[in-house]
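Note sheet for the following structure.
Nothing here was measured: the structure is a model prediction, and the numbers come from that model. Throughout, numbering of the chain's residues begins at 1 and tracks the sequence.
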Amino acid sequence: NLVEWNGPDDPENPQNFSRRRKWLITVTMSSMTMWITFASSVFSTATVVTAKEFGVSAEVMVLGTSLTVFGFALGPLFWAPVSELYGRRLPLFSGYAIFAIFQIPVAVAQNLQTIMICRFLVGVFGCSPLAVVGGAMADIWDPVDRAVAIAMFSSATFLGPVLGPIIGGFITDSYL
């Protein structure tokens with residue numbers, strides 16, 4: 001399973017991508033991680049409102065956020081090996097797509113069980129970029145330029161949980 005290239009100028013080698021393409025990929029992957037971490041924390045501001053809606057305590061609704069983070073802990077056990085065996089693209093985009101799909105049942109849930117199960121699955125599938133992007137950056141960038149790309153990825157990873165409660169607070173206090 002060793003990946004080999006047809007010489008140092010092989011256009012399929014990610015190290016040979018143009019700088020513009022490398023930055024486009026880096027910004028896209030960083031954006032994915034930002035929205036995933038955003039989705040993990042945006043629910044926290046609606047804990048009291050959602051608890052009242054379903055007739056449970058706020059402590060029970062905290063599970064909506066906790067189960068997502070628990071999914072973040074379990075998901076890399078699957079996604080990281082898959083990315084090593086099948087490449088970065090398949091786990092990155094399939095996990096992100098399924099993550100987006102599981103947001104829909106959370107939004108239209110009629111019961112607490114749907115929210116909890118889907119929030120857990122949001123974490124399991126949403127962590128695919130968190131587990132894969134670091135390896136993809138190492139594939140694309142040489143060691144000197146990789147530091148800036150990883151800094152962008154890391155900043156986006158921490159920006160999501162900061163923006164989540166801020167934007168979630170505005171949504172919770174609005175008529176939405």
Side-chain angles (χ1 to χ4, degrees), residues 1-19 21-44 62-106 113-164:
N1 292 347
L2 182 63
V3 176
E4 295 181 4
W5 308 110
N6 297 327
D9 297 326
D10 186 355
E12 294 294 316
N13 184 346
Q15 293 276 325
N16 295 331
F17 290 166
S18 68
R19 286 191 68 77
R21 183 173 181 191
K22 287 180 182 183
W23 279 113
L24 180 66
I25 292 169
T26 299
V27 168
T28 302
M29 289 190 300
S30 296
S31 174
M32 291 170 81
T33 60
M34 185 184 76
W35 292 120
I36 286 167
T37 57
F38 172 87
S40 73
S41 66
V42 72
F43 188 79
S44 65
V62 169
L63 274 173
T65 303
S66 302
L67 286 171
T68 303
V69 175
F70 183 57
F72 281 176
L74 294 182
L77 299 173
F78 172 75
W79 293 112
V82 167
S83 77
E84 292 295 326
L85 291 174
Y86 299 106
R88 311 284 188 221
R89 189 177 304 175
L90 176 70
L92 189 66
F93 290 113
S94 61
Y96 193 72
I98 296 169
F99 154 82
I101 290 169
F102 274 111
Q103 297 292 345
I104 298 168
V106 173
Q113 295 84 354
T114 302
I115 291 174
M116 297 304 173
I117 290 169
C118 291
R119 289 287 295 172
F120 172 73
L121 293 173
V122 159
V124 169
F125 289 102
C127 76
S128 68
L130 299 174
V132 174
V133 168
M137 298 278 188
D139 293 342
I140 293 171
W141 294 100
D142 62 29
V144 174
D145 295 328
R146 188 179 309 147
V148 177
I150 291 292
M152 176 183 279
F153 161 64
S154 299
S155 298
T157 303
F158 289 108
L159 185 62
V162 170
L163 291 177

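- In terms of modelled atom types and a separation under 3.5 Å, the side chain of T28 and the main chain of L24 share a donor-acceptor contact.
- Considering only residues two or more places apart in sequence or on other chains, Y96 meets the ring-ring contact (aromatic ring centres under 6.0 Å, His included) condition with F99.
- Of all non-hydrogen atoms in G164 and S41, the two that sit nearest each other are CA-OG, 3.4 Å.
- In terms of heavy-atom proximity, W141 sits nearest to A149 at NE1-CB, 3.4 Å.
- Here the shortest heavy-atom pairing between G71 and C127 reads O-SG, 4.1 Å.
- Pairs engaging residues 140-154 under the salt bridge (charged side-chain N to carboxylate O under 4.0 Å, His left out) rule: R19-D145 [sequence neighbours left out].
- Counting only distance, with no hydrogens or angles, the side chain of W79 and the backbone of V124 share a donor-acceptor pair below 3.5 Å.
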Donor-acceptor pairs under 3.5 angstrom involving side-chain atoms of residues 154-161: please list them, not counting sequence neighbours.
residue: S154; atom: OG; partner: I150; partner atom: O; Å: 2.9
residue: S155; atom: OG; partner: A151; partner atom: O; Å: 2.8
residue: T157; atom: OG1; partner: F153; partner atom: O; Å: 2.8

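- S40 places no side-chain N or O within donor-acceptor distance of the main-chain N or O of T68, the cut-off being under 3.5 Å.
- More than 12 heavy atoms of other residues, nucleotides or ligands lie within 6.0 Å of CZ in F17, so this atom counts as buried by the packing criterion.
- Heavy atoms only, all atoms of each residue included: A80 and S83 are closest at O-OG, 2.8 Å.
- The minimum heavy-atom distance linking F72 with G123 is given by the pair CD2-O, 3.3 Å.
- Residues G64 and R119 approach most closely at O-NE, 2.9 Å, considering heavy atoms.
- Without hydrogens or angle criteria, K22 side chain to Q15 main chain gives a donor-acceptor distance under 3.5 Å.
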